Enquirer: 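The structure that follows is given in the form of structure tokens.
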Amino acid sequence: MNRLVCVSNRLIMPRKTAAPGGLAVGVLSAMKHSGGLWFGWGGETIDREPGDPDLHVRGGVTYAAIDLRATDVELYYNGHANSVLWPLFHYLLKDFNFTREQQNAYENVNRLFAQKLHPLLKRDDLIWAHDYHLIPLASRLRELGVTQPIGFFLHIPFPHIEMLRTLPTYAELLRDLTNYDVVGFQTESDLQSFRSCIAHLFGADAILPDRRMRVGERTFVADVFPIGVDVEAVRKEAIEARKTEVVKRMVDSLVGRKLMIGVDRLDYSKGLVRRFTAYQQLLEAFPDNLGRITYIQIAPLSRGDVHAYIEIRNALEQEAGRTNGRFADADWTPIRYLNRNYPHDTLMGFLRASHVGLVTPVRDGMNLVAKEFVASQDETDPGVLILSTMAGAARELTTALLVNPYDTLAVAHAMQAALSMSLPERRERFAAMLDAIRKNDIYAWSRRFTETLESVKR
Ligand code: F6P
């Protein structure tokens with residue numbers, strides 16, 4: 001079998017804790033299974049030219065971490081990736097701040113990734129680039145003479161042409177994507193949007209049957225590969241963690257109250273302010289819940305140097321304070337709002353101990369926390385998932401309580417329905433979701449993608 005080379009902006013070195021959900025957990029599970037090389041930014045910033053990557057081998061995976069210059073991180077990561085592509089791809093133009101300087105830094109960091117990765121490549125490697133930070137990577141690798149198959153998977157939504165063309169350099173971005181052999185998306189609607197972009201720029205003839213596209217001399221595959229989780233591993237982690245001191249202490253602290261939980265990176269796409277509002281509306285409309293439920297929101301800080309993230313953090317602090325100020329009692333805090341991360345297994349233990357899981361982003365590529373919530377549940381007494389229709393996961397987890405996160409009153413009613421749902425209904429909804437995440441787990445995802453990439457080579 002060919003060696004798998006995964007490339008992502010964020011690389012989680014062994015023994016470090018990954019952010020909840022998301023790419024790092026997914027890539028790590030896939031790589032632990034197949035082995036290979038994982039190349040990316042180790043998260044360190046320096047004030048000189050980056051040197052060669054730091055290599056660590058553990059459990060069949062070679063981790064190759066490069067450092068980035070602080071100025072590049074500011075313009076490439078905080079700038080073009082997270083103040084341009086992120087809001088644009090999530091249809092949230094309020095926080096879209098394009099500059100040429102950021103665009104140039106983005107190009108330069110992709111060139112640097114290609115230059116540092118190139119000497120590590122072997123002839124039969126399959127190269128798999130992940131996410132919006134690395135769209136130009138294939139173009140830069142091809143310029144260095146790389147002929148191995150290169151795939152790209154986008155973990156976040158892909159916008160329709162009417163949104164994408166807000167980006168002054170959208171044509172370059174699309175041309176860069178055509179330099180991959182396989183371009184993968186989370187959902188059919190992301191693929192449809194990509195088709196709308198390719199047809200707009202290159203004409204309708206570029207769209208071929210069988211999920212292929214042709215631009216000039218190049219033919220490539222564009223298809224849907226919804227990411228999953230390692231269902232058994234999450235289940236085991238959750239069962240074991242449920243017995244640990246930290247989870248037991250949390251459960252004891254509830255003193256019999258029902259637990260609603262949200263676990264999200266602190267990001268404006270996650271719909272947290274609206275979720276807090278919905279919770280207030282629940283407490284207003286159904287006062288029987290006062291003193292009888294607890295909502296824990298775990299929201300580790302992320303991208304803290306980006307202005308929009310500073311704003312959302314302030315807004316959430318105010319909102320949580322307002323709710324607690326208004327509804328709390330001497331012996332009851334309605335919201336416990338925590339800006340910290342926990343080890344993955346502890347989080348899974350928390351999810352298992354919850355009656356209701358809240359996953360209500362205003363837009364999300366997939367949302368692996370939704371799938372982790374399902375995988376972590378006790379099948380004899382499962383919790384209820386409240387899931388936004390704006391998350392990719394809603395295409396598969398159709399028996400969750402599906403909500404529009406903008407309709408906060410409807411979300412409040414869904415919370416009430418979840419809190420009072422009968423055991424037979426909870427079991428029925430859970431069984432269908434478990435089936436869905438088992439059919440399409442993290443291994444099925446990486447297998448399908450790498451097989452497609454291999455078939456291109458043939
Ligand atoms: O949602 C996109 C994503 O790449 C996730 O897959 C990942 O967990 C998250 O963003 C990480 O963001 P960052 O690397 O900026 O902390």
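Note that the structure is predicted; figures quoted are calculated from it, not measured. Whatever order the structure lists them in is the order used to number ligands and atoms, beginning at 1.
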Enquirer: Before signing off on this row, confirm whether Trp86 and ligand 1 have an N or O atom pair separated by under 3.5 Å.
Expert: no
Enquirer: For ligand 1, indicate whether the residue Leu23 contacts it via side chain, backbone, both or neither (heavy-atom separation under 4.0 Å).
Expert: both
Enquirer: Sequence neighbours left out, what passes ring-ring contact (aromatic ring centres under 6.0 Å, His included) with Phe430? Give chain and number order.
Expert: none
Enquirer: Distance under 6.0 Å and angle within 45° of the ring axis: does Arg165 meet both against Tyr170?
Expert: no
Enquirer: Do the non-hydrogen side-chain atoms of Tyr76 and His133 ever get within less than 4.5 Å of each other?
Expert: yes
Enquirer: For Ile156, take its heavy atoms, then give the atoms of ligand 1 lying under 4.0 Å from any of them.
Expert: 1 (O), 2 (C)
Enquirer: Ser376 and side chain to side chain contact (heavy atoms under 4.5 Å, CB included): which single residue from Val234, Val369, Asp345, Leu347 fits?
Expert: Val234
Enquirer: Can you label the angle between the Phe89 ring and the Phe158 ring as parallel, tilted or perpendicular, going by 30° and 60°?
Expert: perpendicular
Enquirer: With heavy atoms of Tyr77 as the reference, note each atom of ligand 1 found under 4.0 Å away.
Expert: 13 (P), 14 (O), 15 (O), 16 (O)
Enquirer: Check if His130 has a non-hydrogen atom at a distance under 4.0 Å from any atom of ligand 1.
Expert: no
Enquirer: Heavy-atom distance under 4.5 Å between the side chains of Phe276 and Tyr295, does that happen here?
Expert: yes
Enquirer: Checking Arg340 against Tyr342: charged group under 6.0 Å from the ring centre and within 45 degrees of the axis?
Expert: yes
Enquirer: Provide the closest heavy-atom pair for Gln103 versus Thr169 in the form atom of the first, atom of the second, distance.
Expert: OE1-OG1, 2.6 Å
Enquirer: With only distance considered, is Asn82 within less than 3.5 Å of ligand 1 through an N or O on each side?
Expert: no
Enquirer: Heavy-atom distances under 4.0 Å decide this one: backbone, side chain, both or neither, for Asp364 against ligand 1?
Expert: neither
Enquirer: Answer with side chain, backbone, both or neither: which part of Phe89 has a heavy atom less than 4.0 angstrom from an atom of ligand 1?
Expert: neither
Enquirer: So is Arg10 polar-close to ligand 1, meaning N/O to N/O under 3.5 Å?
Expert: yes
Enquirer: Please check whether Asp131 reaches ligand 1 - meaning an N/O of the residue sits under 3.5 Å from an N/O of the ligand, judged on distance alone.
Expert: yes
Enquirer: Within the 4.0 Å heavy-atom shell around Arg303, which atoms of ligand 1 are there?
Expert: 9 (C), 10 (O), 11 (C), 12 (O), 13 (P), 15 (O)
